[in-house]
Amino acid sequence: MKLYSPSTIADIRERYNFQLSRSLGQNFITDRSIIERIVEGAGVGENDLVIEIGPGIGVLTAEAAEAAARVIAVEIDSKLIPILSETLAEYDNIKVINQDILKTDVNKIIEEEKAAGNFTGAVRIIGNLPYYITTPIIMGLLESGVKADSITVMMQKEVADRIKASPGSKTYGAISAAVQYYCIVEQIASVPKEVFVPRPKVDSAVLNLHIRKEKPVELTDEKMFFACIRSGFGQRRKTLLNSLTGTAGLSKEDIRNILSTAGIDPVRRAETLNMEEFAAIANEAAACSRRQRNE
Ligand code: SAM
């Protein structure tokens with residue numbers, strides 16, 4: 001069954017009386033080359049576990065099952081479960097879980113699959129994401145310390161542009177700094193809106209997020225690092241002296257001293273800071289905060 005063919009999608013919709021849900025971000029891929037690009041780009045190998053977010057009618061799931069040892073697909077829409085039973089019937093290495101990915105303990109799935117001997121290789125997370133929750137899905141996985149090697153996902157082009165942006169560019173923001181702290185970001189495809197059913201309003205891109213084995217900077221307090229990023233970009237037009245004031249209860253005078261010790265000009269803005277500079281500020285801020293607690 002050509003699951004990517006618009007006529008197959010139409011046939012399934014009719015036979016199951018399945019209404020596509022806009023609110024669940026249901027835009028299905030109809031281009032085989034994009035599906036291959038995601039699975040190949042993710043580097044899925046024959047011993048690997050693939051965790052797919054939002055299988056839809058199973059177009060990526062089937063492709064992943066051909067390449068991997070095991071595939072776990074997490075789909076929130078219960079109306080798609082009987083459809084997936086039909087479309088994926090020929091595969092014995094797929095398990096579909098009817099659950100919200102935002103409420104799913106992905107590390108528990110990985111541990112269970114490993115303990116059951118279902119894979120011995122890498123863990124690859126893939127998906128054509130429901131666009132309304134792209135950022136919560138990616139940040140939720142990264143902040144929970146997901147024990148995966150890579151996350152290869154399609155998203156709205158504008159979000160991909162922000163995630164991969166470098167310091168100094170207009171699109172560089174909190175999401176760029178946060179994702180790049182956890183991952184090396186690589187764009188592996190640009191995808192026009194015409195290849196989806198139904199057609200969304202925006203173009204898409206596929207990012208490969210290679211999860212770092214070692215963090216790129218040394219931090220004494222990771223929470224302070226993220227607090228500085230949030231404050232800095234929360235008021236991105238303000239100078240660092242002003243935007244960082246109030247972070248973790250630190251006063252303007254504290255921030256002035258912190259920036260001076262970290263060697264950062266207080267009139268700079270967050271969008272000009274690279275990861276090392278954010279780390280230097282965060283480490284000085286953590287030290288200042290500790291001193292104040294001990295006073
Ligand atoms: N993988 C299919 C494809 O590429 O054709 C479908 C992708 S579609 C953009 C997004 C899928 O994610 C839909 O099947 C939708 O029901 C599912 N979804 C939406 N919100 C979800 C959530 N919170 N947890 C799990 N799946 C979700």
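Order of listing sets the numbers, starting from 1, for every ligand and every atom in it.
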Hey, does [X] come in under 3.5 Å of ligand 1, counting only N/O atoms on both sides?
X	value
V59	no
L129	no
I29	yes

Residue pair [X] / [Y], side-chain donor-acceptor N/O under 3.5 Å:
X	Y	value
K252	N242	yes
R162	S176	no
T61	E52	yes
Y182	E143	no
D77	Q26	yes
Y131	S204	yes
T220	N283	yes

Self-check item: Closest protein heavy atom (residue, atom, distance) for atom 4 (O) of ligand 1
Solution: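 Checked against all protein heavy atoms, atom 4 (O) of ligand 1 sits closest to N128 ND2, 2.9 Å.
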Practice problem: Name the closest protein heavy atom to atom 9 (C) of ligand 1, giving the residue it belongs to and the distance to 0.1 Å. | Solution: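 Among all protein heavy atoms, the one nearest atom 9 (C) of ligand 1 is G25 O, 3.0 Å.
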Side chain, backbone, both or neither: which applies to [X] and ligand 1 if a contact is any heavy-atom pair less than 4.0 Å apart?
X	result
Y132	side chain
I57	neither
S21	neither
Q99	backbone

Exercise. Name the option, out of L102, N98, T61, I76, that contains the heavy atom nearest to atom 27 (C) of ligand 1.
Key: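 The residue whose heavy atom sits nearest atom 27 (C) of ligand 1 is I76.
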Quiz item: Would you say M154 contacts ligand 1, with heavy atoms under 4.0 Å as the rule?
Solution: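 Distance cut 4.0 Å: M154 fails for ligand 1.
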Practice problem: Decide whether the shortest distance between a heavy atom of K103 and an atom of ligand 1 is less than 4.0 Å. | Solution: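 Judged by the 4.0 Å heavy-atom criterion, K103 does not count as contacting ligand 1.
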Practice problem: Please find out if less than 6.0 Å separates the ring center of Y181 from that of F278. | Solution: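 No, the ring centres sit 6.0 Å or more apart.
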